[in-house]
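Before we start, here is the structure in question, set down as structure tokens.
First the proteins, then the strands, lettered A, B, ... as listed; each starts at 1. Keep in mind that this is a model prediction, so the values were computed, not measured.
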Protein chains: 2
Amino acid sequence: MSCKNTIMRLSEYRRILCKLKALGFTRVFSDHLAGALDISPALVRKDFSDFGLTGNRKSGYTVDELIEKMNMILRKDKVEPVIVVGCGGIGRALMEYNAFAGEGIRIVAGFDSRPELHDLKGTIPVHDISRLEVYIKGHNIKTAILAVPESSAGDMADFLISRGVTGILNVAPIPLKGYDNCVIRNINFLHELENTIYFASMLDSKQK
Amino acid sequence: MSCKNTIMRLSEYRRILCKLKALGFTRVFSDHLAGALDISPALVRKDFSDFGLTGNRKSGYTVDELIEKMNMILRKDKVEPVIVVGCGGIGRALMEYNAFAGEGIRIVAGFDSRPELHDLKGTIPVHDISRLEVYIKGHNIKTAILAVPESSAGDMADFLISRGVTGILNVAPIPLKGYDNCVIRNINFLHELENTIYFASMLDSKQK
DNA sequence: TAAATATCGATAAATTAATATTCATAATTG
DNA sequence: CAATTATGAATATTAATTTATCGATATTTA
């Protein structure tokens, strides 16, 4: 049915729609959104129709209605509690990442094995990794950001999954496979940078 | 010719091949790599053949040869200097990211407008943003990680591009479009997390 | 040395994703 | 109120990506 790309675009549509709303727009056309995302209007309409987002001929889509329905689709009707496992550089940065606030995502706690990183009094507490299991069960955590070193990423993912986590955003430097009972989304900064450098150098050689 | 996915997989192949080499393996089969990446052996062979990476029937591919040729393709024959623009949480974390070291990527400097973040004596200096232009020209910088707030991301990207940067890894919370003379790769943590949560909740509803 | 087997390489098929086209219709205009 | 126009919705087409198939051939083994 709907692929990863579609959902990713849904997030982008939503972001732009919120901007439009703030600017006072009440209606929007597929053509406008297509321009903003650098895709074809047809794809916008197809994406929308896949999720039952309908508009009106001649007068386009209603901004409010789109945002509301997208919020439902993207599960933004309630706040999703998310934990961060591994509070080194990247983990810490994501714990304090501003862009999550007000977007239905709340980082509720961090976990790390290093005692010097523990902090039970901060706005977002950092617990010892030993408290992970109890916390997940107690707070019914379903989503985690995994930012541990390569050596422990696999084991930690297995542990999270065994304790009921169903979605992992993995920013550890090793890609992990998803399972039947858990979605894993990998972000590998090294690979992304390599990719960027590769295509940049292709540009160079083309233009010469 | 070769799409983004192929290059991304090339990075993954390479990562695994380096592991195999460290373990003493000298040869590898498409089937093994396919298992590691959770794709079909046919795709591995196709990816390889796209880049002229050949093996031998019955005895597979030579690990060393693959790594060497992939290093060429991914421009790892020399160290690529990369700057970080915006040294807040994410920017700082990526400046100090260990996984780049020894992988042909060196973060050479950071830039930020906030004086309190300046640090000219650290291992990786953080300069005022005003020094960006001179630095890029002086060090012939082609690649940048963009980690500034949403409000300045677009302008800053334009500036980088106008000064000769041809590849940008954009982790600012707003996707940017690429141009003819610069590749932009967007990583949006909010969108990634939304995507993860969406597919996780789909899993849930399927299993019930 | 001949037969068996595992694996690559190339091609074809299937799947997935994106775009183009066509049609119906609501709004606008004269 | 009829004609025009802009737009969504549905469908068809194209493109892209991935997987499956099959022949050729090194390697192994008897």
For this session: Report the residues that fulfil salt bridge (Lys or Arg N to Asp or Glu O under 4.0 Å) with A/Arg27, sequence neighbours left out, ordered by chain and then residue number.
Result: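 Applying salt bridge (Lys or Arg N to Asp or Glu O under 4.0 Å) to A/Arg27 gives none.
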
For this session: Figure out the CG/C1' separation between A/Leu33 and D/dG8, and round it to whole Å.
Result: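 About 13 Å, once rounded to whole Å.
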
For this session: Answer whether the closest heavy-atom distance between the side chains of A/Tyr13 and A/Met70 falls below 4.5 Å.
Result: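 A/Tyr13 vs A/Met70: side chains touch.
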
Problem set entry | B/Asp47 CG - D/dT18 P separation (whole Å) |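 The answer, rounded to whole Å, is 7 Å.
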
Exercise. In whole angstroms, how far is the C1' atom of D/dT13 from the CG atom of A/Leu43?
Worked result: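 The answer, rounded to whole Å, is 15 Å.
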
Problem set entry | Contacts of type side chain to side chain contact (heavy atoms under 4.5 Å, CB included), residue B/Asn186, not counting sequence neighbours |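 Per chain and number, B/Asn186 pairs via side chain to side chain contact (heavy atoms under 4.5 Å, CB included) with B/Asn170, B/Pro175, B/Leu176, B/Ile184.
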
Exercise. Going by heavy atoms closer than 4.0 Å, what residues in residues 62-75 of chain B are next to DNA chain C?
Worked result: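 Contacting residues: none.
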
For this session: Select from A/Ile39 and B/Gly55 the residue whose nearest nucleotide in DNA chain C is closer to the 5' end of that strand.
Result: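 Result of the comparison: B/Gly55.
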
Exercise. Between C/dT15 atom C1' and B/Asn5 atom CG, what is the distance in whole Å?
Worked result: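 For the pair B/Asn5 CG and C/dT15 C1', the rounded distance is 14 Å.
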
For this session: Report which part of the nucleic acid A/Phe48 touches: base, sugar-phosphate, or nothing (heavy-atom distance under 4.0 Å, all strands).
Result: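 No contact.
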
Problem set entry | Counterpart residues, side chain to side chain contact (heavy atoms under 4.5 Å, CB included), relative to B/Ala93 (two or more places apart) |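 Residues passing side chain to side chain contact (heavy atoms under 4.5 Å, CB included) with B/Ala93: A/Ile90, A/Ala93.
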
Close N/O contacts between protein and nucleotides 20-27 of chain D (under 3.5 Å):
| from | atom 1 | to | atom 2 | distance (Å) |
| --- | --- | --- | --- | --- |
| D/dG23 | N2 | B/Arg57 | NH1 | 2.9 |
| D/dA24 | N3 | B/Arg57 | NH1 | 3.3 |
| D/dT25 | O4' | B/Arg57 | NE | 3.3 |

For this session: Just jot down the side chain to side chain contact (heavy atoms under 4.5 Å, CB included) partners of A/Ser30, sequence neighbours excluded, or say none.
Result: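 In terms of side chain to side chain contact (heavy atoms under 4.5 Å, CB included), with neighbours along the sequence ignored, A/Ser30 is linked to A/Pro41, A/Val44, A/Arg45, A/Tyr61.
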
For this session: Could you tell me whether A/Asp31 contacts a base, only the sugar-phosphate backbone, or nothing, with contacts defined as non-hydrogen atoms closer than 4.0 Å?
Result: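 Counting heavy atoms under 4.0 Å across all strands, no contact is made by A/Asp31.
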
For this session: Scan residues 88-102 of chain B for pairs that pass side-chain hydrogen bond (donor to acceptor under 3.5 Å, both in side chains), counting only residues two or more places apart or in two chains.
Result: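 For residues 88-102 of chain B: B/Arg92-B/Glu96.
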
For this session: Enumerate the residue pairs fulfilling salt bridge (Lys or Arg N to Asp or Glu O under 4.0 Å) with a member in residues 75-87 of chain A, sequence neighbours excluded, ordered by first and then second residue.
Result: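 As it turns out, the salt bridge (Lys or Arg N to Asp or Glu O under 4.0 Å) pairs with a partner in residues 75-87 of chain A, which skip direct neighbours, are A/Lys76-B/Glu194, A/Lys78-A/Glu80.
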
Exercise. Going by number, which of residues 15-23 of chain B have a non-hydrogen atom under 4.0 Å from DNA chain C?
Worked result: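 Heavy-atom cutoff 4.0 Å gives no residues at all.
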
For this session: Enumerate the residue pairs fulfilling side-chain hydrogen bond (donor to acceptor under 3.5 Å, both in side chains) with a member in residues 159-169 of chain A, sequence neighbours excluded, ordered by first and then second residue.
Result: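 Checked against side-chain hydrogen bond (donor to acceptor under 3.5 Å, both in side chains) - neighbours excluded - the pairs reaching residues 159-169 of chain A are A/Glu133-A/Arg163.
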
For this session: Return each pair, listed once, that meets salt bridge (Lys or Arg N to Asp or Glu O under 4.0 Å) where at least one residue sits in residues 99-110 of chain A; pairs must be two or more places apart or across chains.
Result: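 Non-adjacent pairs meeting salt bridge (Lys or Arg N to Asp or Glu O under 4.0 Å): A/Arg14-A/Glu103.
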
For this session: Only one of A/Ile187, A/Ile107, A/Val85, A/Ile83 passes side-chain contact (heavy atoms from CB on, under 4.5 Å) with A/Ile145; say which it is.
Result: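 Answer after filtering A/Ile187, A/Ile107, A/Val85, A/Ile83: A/Ile107.
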
For this session: Name the orientation class of the two ring planes belonging to A/Phe29 and A/His32 (parallel below 30°, tilted from 30 to 60°, perpendicular beyond 60°).
Result: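 Ring orientation of A/Phe29 relative to A/His32: perpendicular.
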
Problem set entry | Partner set under salt bridge (Lys or Arg N to Asp or Glu O under 4.0 Å) for B/Glu150, not counting sequence neighbours |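 With sequence neighbours excluded, B/Glu150 shows a salt bridge (Lys or Arg N to Asp or Glu O under 4.0 Å) to A/Lys19, given in chain and number order.
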
For this session: Between B/His32 and B/Lys46, name the one whose nearest nucleotide on DNA chain C is closer to the 5' end.
Result: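 So the residue in question is B/His32.
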
For this session: Indicate, with a heavy-atom threshold strictly under 4.0 Å, whether B/Arg27 touches base, sugar-phosphate, or nothing.
Result: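 Contact class for B/Arg27: none.
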
Problem set entry | Side chain of B/Arg9 - closest among D/dA9, D/dT18, C/dA17 |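 Given the options D/dA9, D/dT18, C/dA17, the side chain of B/Arg9 is closest to D/dT18.
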
For this session: Calculate the interatomic distance between A/Lys4 atom NZ and D/dT17 atom P; express it in whole Å.
Result: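 After rounding, the gap between these two atoms is 13 Å.
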
For this session: Can you figure out which of D/dG8, C/dT7, D/dA9 approaches the side chain of B/Phe29 most closely?
Result: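 Per side-chain heavy atoms of B/Phe29, the pick is C/dT7.
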
